Number of protein chains: 2
Amino acid sequence: MLRPTSFDVAERAGVSQSTVSRALRNSPGVNAETRARVAAAARELGYVVDRHASSLRLKSSETIALVTICRPGEDRSAINPFYFALLGSIAAATSARGFNLLVSFQESAANFRADFVASGLADAMIVIGTTSNRTAWDFFAEAQAAGLGFTCWGSPGDPFHWMRSDNGIGGRLAAEHLIAGGRRRLAFIGPQRSPQRQFDERRDGFTAAATARGVTPILAEPPAASDRHAQGVAAARDLLARHPDVDGIFAASDMLALGVLQGLKETGRSVPGDVALIGFDGIRAGTLADPALTTLEPDLDAAGEALVAMALEDTGFRRSGTRIPVRLVARGSA
Amino acid sequence: MLRPTSFDVAERAGVSQSTVSRALRNSPGVNAETRARVAAAARELGYVVDRHASSLRLKSSETIALVTICRPGEDRSAINPFYFALLGSIAAATSARGFNLLVSFQESAANFRADFVASGLADAMIVIGTTSNRTAWDFFAEAQAAGLGFTCWGSPGDPFHWMRSDNGIGGRLAAEHLIAGGRRRLAFIGPQRSPQRQFDERRDGFTAAATARGVTPILAEPPAASDRHAQGVAAARDLLARHPDVDGIFAASDMLALGVLQGLKETGRSVPGDVALIGFDGIRAGTLADPALTTLEPDLDAAGEALVAMALEDTGFRRSGTRIPVRLVARGSA
DNA sequence: CTGTCCCGTCAAAGCGGTTTCCTGCGTGAC
DNA sequence: GTCACGCAGGAAACCGCTTTGACGGGACAG
């Protein structure tokens, strides 16, 4: 018998099929003895509830769709590892609720696949990989036109549900840490106008805290390059050429910071001896760098949990713009 | 109207519901003009096929379940980035076939969730994250007891479907590259008895090729430590203490190699000046190291495609033990 | 002894598609 | 003019589960 149905279980347990359903779902109105008999029959037959039949009837699939937006033509191994970490924490949060996670990577504006909710496959959709990603705006536009709802990591603004790292606090912590370490010639390296303002927030928090302590940071826009790492290398070279006495750098992201680190070494600077360096995101690769990268690490467990909760519209997370707490992890570089 | 059904489309197009189904699935026996009218009606109503109803009837969900096995209690950010890369390529392969991907991380042998196929949620299951992971064997045992079928990245042996990197060739390429670079005092750093023999294969390929060229490598088992990176650091120290004249190292994986790199630097060795270093896996972090890590990179696109094909039992992939080609990517470290 | 209530169970009606079976009608052969 | 044929499309069965509504029988009150 291929895949026993609830009718098979019913026959074996000597009850009706509806009783099987009630017994297995712990619905009320089933005698304890009957319930046990059904459970035994189900176990013996290796019965597993058909999720399609169940979801069809219940109109709920207990599944969340996770869409990760990539740059067009981007090799998947080039995706910022931060998003893989976020994926992992979202998976943990869904799994903790007994939900399934449907994962999809999308890189082309041409054929976005976003009907996961409309087709019933998922109860809600989460979108990540959007920060400073132009493709993301195409996706937002498509979604809005289609009346699609989702929860998003980033700052797309209304009418979407979204949240992000507490970038402002992160920037402040970076400034405080560098200054507490005796650094006074500070610089921020990062995009000066990011589509979703995530980097702007980091910069502004950094600048405000530094200024309050009498230091005015240099703001350096990284030159165009193939990826963040390459941008970081070039940005470090440029910056040190123009401001050789910089002694503390806050980079807008870890990938950028790892590039900056390499650029600093190439120009003969020692880290943290000559220049202290702080990144943002807490990616694993930062711990492997030499020296290990000091960084601002968002609480990913909280982020995953909050994204899932907001997606499922649990109370307390309906308001967009929630900030995920960030802590400074001091390692070798600063 | 919440979620139009095919009946709504039928009414609007002035045809029966069964014709709508036929028209939208491109089944034969529908007049071209009628087909167009149905398509228009569907578009106007924003109709999307309910995947549960469809899957229920078709007994196929066009979905693949991907289970990633983690070490118990392991933080998800500690998962070897290689598996995230593999996840990405599997996602690409499923997406290319119009399939969905259900992702699940499992860390405890106690409550494995593996009924994705039995419940109809997925048509097939792929398991990764098993290499040198003890938890994996619990999973295999459970699966076998439950008569569960799946395709696996690793070498669990019969009765499972599985494939892995062409480890032997990789080992040989590493030896050849080091020797071609003038290295003669070679060492292999890695587990000497790995549960699935993946590392053994790398070692044996390395040793055989080196021996054929008159070089007998030192074999170094890394000491126990919190993770592969830490193991690498310690292994490098140990090795150089006992064999100060080693000038070429092949590490069993990139994570290990990155640790070895750090260990080498700490003991004052320059890389590749004093010691050349090669890793295995082609992870992104290797490109960020200083110097960038020379590595053996499996063709991940091929791996993802082959895993999906084997899982769906496409012809030509039924035989377990398929080897995914590996190429040597020469970067700074060797 | 009869009427009422409640508990446990069952039959059956969906959920929204896909597909089989069948009918109606236009075409061409004889 | 009649008949066979084939195409387009409709009615209905069915996928496996959840849940409503109905029912039988035992307990209890009157």
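Per chain, numbering begins at 1; letters A, B, ... match sequence-line order. All values below were derived from every heavy atom in this structure, side-chain atoms included, with hydrogens, water molecules and symmetry-related copies excluded. Being a predicted model, the structure only gives us computed values, none of them experimental.
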Listed nucleotide nearest any side-chain atom of B:R22, set C:dC10, D:dG16, D:dG10: D:dG10
Shortest side-chain distance from A:F7, nucleotide among C:dG16, D:dC17, C:dT18: D:dC17
By nearest atom, which of the nucleotides C:dG16, C:dA12, D:dA12 is closest to the B:S18 side chain? D:dA12
A:T34 has a side chain; which of C:dG8, C:dT18, C:dC10 sits nearest to it? C:dG8
What about A:R51, does its side chain sit under 3.5 Å from the base of D:dT18 through a donor-acceptor pair? no
Evaluate the criterion side-chain hydrogen bond (donor to acceptor under 3.5 Å, both in side chains) for residue pair B:S155 and B:R164; output intermediate values, then yes/no. CA-CA 7 Å; B:S155 308; B:R164 62 204 180 309; 3.2 Å; yes
At under 4.0 Å, does any side-chain N or O of A:S54 touch on OP1 or OP2 of D:dC17? no
NE2 of B:H52 versus C1' of D:dC15: gap in Å, rounded? 14 Å
Students often mix this up, so state it plainly: with edges at 30° and 60°, are the rings of A:F150 and A:F160 parallel, tilted or perpendicular? parallel
For A:R57 and D:dC17, give me the distance from atom CZ to atom P, rounded to whole Å. 13 Å
Nucleotide nearest B:R25 when distance is taken to its side chain, options C:dT19, D:dT18, D:dG10: C:dT19
Please tell me which of the listed nucleotides, D:dC17, C:dC10, D:dT19, lies nearest to the side chain of A:S16? C:dC10
Of the listed nucleotides (D:dT19, C:dG16, C:dC10), which one gets closest to any side-chain atom of B:T5? C:dG16
Under a 3.5 Å cutoff, is there a donor and acceptor pairing between the side chains of B:S89 and B:D301? no
Within the side chain of A:S6, is there an N or O that forms a donor-acceptor pair under 3.5 Å with the backbone of A:Q17? no
For C:dG17, does OP1 or OP2 lie under 4.0 Å from any side-chain N or O of B:S6? yes
Among C:dG16, D:dG9, D:dC17, find the nucleotide with the atom closest to the side chain of B:V30. D:dG9
What is the ring orientation for B:H52 with A:H52, classed by angle as parallel under 30°, tilted 30 to 60°, or perpendicular over 60°? tilted
Report which part of the nucleic acid B:V15 touches: base, sugar-phosphate, or nothing (heavy-atom distance under 4.0 Å, all strands). sugar-phosphate
Nearest whole Å is fine: how far is D:dA8 P from B:E33 CD? 12 Å
Of the listed nucleotides C:dG16, C:dT9, C:dT19, the one nearest the side chain of B:L56: C:dG16
Name the residue closer to the 5' end of DNA chain D, choosing between B:A53 and B:G29 according to the nucleotide with the nearest heavy atom. B:G29
Please state whether the phosphate of D:dT18, meaning OP1 or OP2, lies under 4.0 angstrom from any side-chain nitrogen or oxygen of A:K59. no
Could you check how far OH of B:Y47 sits from C1' of C:dT18, rounded to whole Å? 11 Å
